[in-house]
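Report on one structure; see the data block that follows.
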Protein chains: 2
Amino acid sequence: MTTQEFWNKVKSPEYKVTQPRLAFADVLVQNQDVMLSAESLYEKTKTIFPKTNLSTIYRNLESLERLNMIYKVTTDDGLNLYKLKCASNEHHHHIICTKCGKVLDIHFCPFDTFSELAGKAGFTITEHRLELYGLCEDCRK
Amino acid sequence: MTTQEFWNKVKSPEYKVTQPRLAFADVLVQNQDVMLSAESLYEKTKTIFPKTNLSTIYRNLESLERLNMIYKVTTDDGLNLYKLKCASNEHHHHIICTKCGKVLDIHFCPFDTFSELAGKAGFTITEHRLELYGLCEDCRK
DNA sequence: ATGAGTGCAAAACCTTTGCACTACC
DNA sequence: GGTAGTGCAAAGGTTTTGCACTCAT
């Protein structure tokens, strides 16, 4: 997704174009394939628009989450990581590099098998979270 | 797992038997198939040993995590839930009732498929987290 | 007796919120 | 001009930590 495409998607009377948002959008677009913490998104945004405030980052993450534009995970040690949602509308999962945060899309989902197994035990699955962690080629070296 | 079995497993010069721990162990054993927050584990422990302190709960969760006795998940809204690890040594996953926390073991893992797909893209999976959420039979009613 | 475990209170951590001010449309 | 967005500082919730005291072995 380009910055242009990003703005085409979100711009509306309810989502105005402001200076912090312009900077933040750049950061998100530039890091589409990496999961970053609010803090590092903040740092990166500040290099573009130095006056940006951390709470603005959180507020914009929330706004974009409402627009279904943000993918978020919580790591084992309780840190939240964010990225722009993948362009692909197809349901898929991710493998996240534990060192650099790089993300690989995995277009395979075993949901049906799980659904069947759960159903036999009276459970109805409403949500599933599948996150794979590992090392990408670069970080393994 | 019975309380007896629990203590057989953990008792050592490094994990002494104390009153708060006796109470906490009871709570964990009684709720083996439910995921609970630190706060509710605390409340439940207090009914057995009222002097128990919240920090003791956290410290004991940490000790037991080091002993590989605790299974922990983070919910979408950032709450940490805990339970005693399943007795089964076999690798498996869970479906968690979003209403009552009840847990169902799912003895099926699509790891091999993921591993293969990831390998093709140069990723090495070191960890995977698969959590299914839904409603158990009782809570659906 | 000795060190692990504990209670209490304070701090730390990340995230959210209130308020007055700014700047988009 | 009106409202959404912002910066700042303060508060929020959960988890961790320092310290002195207690208790298990």
Side-chain angles (χ1 to χ4, degrees), chain A residues 6-8 10-28 35-67 69-70 72-82 101, chain B residues 6-8 10-28 35-67 69-83 101:
Chain A
F6 174 88
W7 282 109
N8 287 345
V10 300
K11 199 181 167 184
S12 81
E14 290 79 44
Y15 196 86
K16 292 182 182 171
V17 180
T18 66
Q19 302 223 57
R21 281 181 179 177
L22 281 167
F24 187 48
D26 278 357
V27 170
L28 287 175
M35 309 241 29
L36 297 170
S37 64
E39 187 66 33
S40 21
L41 289 169
Y42 172 50
E43 294 304 333
K44 285 177 192 297
T45 305
K46 274 204 294 190
T47 65
I48 304 175
F49 183 68
K51 277 190 62 191
T52 314
N53 193 276
L54 222 204
S55 33
T56 299
I57 299 296
Y58 279 111
R59 284 192 270 232
N60 284 330
L61 281 172
E62 202 199 330
S63 305
L64 292 173
E65 260 185 304
R66 267 200 303 270
L67 294 173
M69 296 286 290
I70 293 292
K72 172 184 176 182
V73 299
T74 304
T75 66
D76 258 346
D77 28 275
L79 191 64
N80 291 140
L81 303 177
Y82 308 84
Chain B
F6 174 89
W7 283 108
N8 288 345
V10 300
K11 199 182 167 182
S12 81
E14 290 80 43
Y15 197 87
K16 291 182 182 171
V17 181
T18 66
Q19 302 222 56
R21 283 182 178 178
L22 282 168
F24 187 49
D26 279 356
V27 170
L28 287 174
M35 309 242 27
L36 297 171
S37 65
E39 186 66 34
S40 21
L41 289 169
Y42 171 50
E43 293 303 332
K44 285 176 191 295
T45 306
K46 275 204 294 189
T47 65
I48 304 176
F49 184 69
K51 277 189 63 191
T52 315
N53 193 277
L54 221 204
S55 32
T56 300
I57 299 296
Y58 278 111
R59 284 192 270 233
N60 284 328
L61 281 172
E62 201 199 329
S63 305
L64 293 173
E65 260 185 304
R66 268 200 302 270
L67 293 173
M69 295 286 288
I70 293 291
Y71 171 58
K72 172 184 175 181
V73 298
T74 304
T75 66
D76 259 346
D77 28 275
L79 191 63
N80 290 138
L81 303 177
Y82 308 86
K83 76 182 276 297

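In what follows, chains are A, B, ... by sequence order, proteins preceding strands, each numbered from 1.
- In Lys72(B), the NZ atom is crowded: over 12 heavy atoms of neighbouring residues, nucleotides or ligands sit closer than 6.0 Å.
- Separating the CD1 atom of Ile57(A) from the P atom of dG5(D) is a distance of 14 Å, rounded to the nearest angstrom.
- Here the closest non-hydrogen pair linking Trp7(B) and Ala25(B) is NE1-CB, 3.7 Å.
- The environment of NZ in Lys83(B) is crowded: more than 12 heavy-atom neighbours from other residues, nucleotides or ligands sit within 6.0 Å.
- Of the options Thr52(A), Thr56(A), Asn60(A), a side-chain hydrogen bond (donor to acceptor under 3.5 Å, both in side chains) to Arg21(A) is made by Asn60(A) and by none of the others.
- Between Phe6(A) and Tyr15(A), the ring planes lie perpendicular to each other; the angle is over 60°, past the 30° to 60° tilted range.
- Here the C1' atom of nucleotide dA24(D) and the CZ atom of Phe49(B) are 13 Å apart, to the nearest Å.
- Closest-nucleotide positions on DNA chain C for Ala38(A) and Arg59(A) were compared, and the one nearer the 5' end corresponds to Ala38(A).
- Within 4.0 Å of Arg21(B), counting heavy atoms only, lie sugar-phosphate atoms of the nucleic acid but no base atom.
- Heavy atoms of Ser55(B) sit under 4.0 angstrom from at least one base atom.
- Distance OH (Tyr82(B)) to P (dT14(D)): 11 Å, rounded to an integer number of Å.
- In this structure, Asn53(A) reaches the dC8(D) phosphate: one of its side-chain N or O atoms is under 4.0 Å from OP1 or OP2.
- If you measure from atom CG of Leu67(A) to atom C1' of dG5(D), you get 15 Å, rounded to the nearest angstrom.
- When the P atom of dA4(C) is taken as reference, atom CZ of Arg66(B) falls 11 Å away, rounded to whole Å.
- If you check every strand for non-hydrogen atoms under 4.0 Å, Glu14(A) touches sugar and phosphate atoms only.
- Across the protein-nucleic acid pair, Glu62(A) atom CD and dA4(D) atom P stand 15 Å apart, rounded to whole Å.
- The nearest pair of heavy atoms linking Ile70(B) to Glu65(B) is CB-CG, 3.7 Å.
- From Asn53(B), atom CG reaches atom OH of Tyr42(B) across 5.5 Å, with rounding to the nearest 0.5 Å.
- Rounded to a whole Å, the NZ atom of Lys46(B) is 13 Å from the C1' atom of dC8(C).
- Distance Leu54(A) CG to dA10(D) P: 16 Å, rounded to the nearest Å.
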Protein-nucleotides 21-25 of chain C N/O pairs closer than 3.5 Å?
unit_1, atom_1, unit_2, atom_2, d
dC24(C), O3', Val17(A), O, 3.3
dC25(C), OP1, Val17(A), N, 3.1

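- Residue contacts for Ser37(A): at a heavy-atom cut-off of 4.0 Å it reaches no nucleic acid atom on any strand shown.
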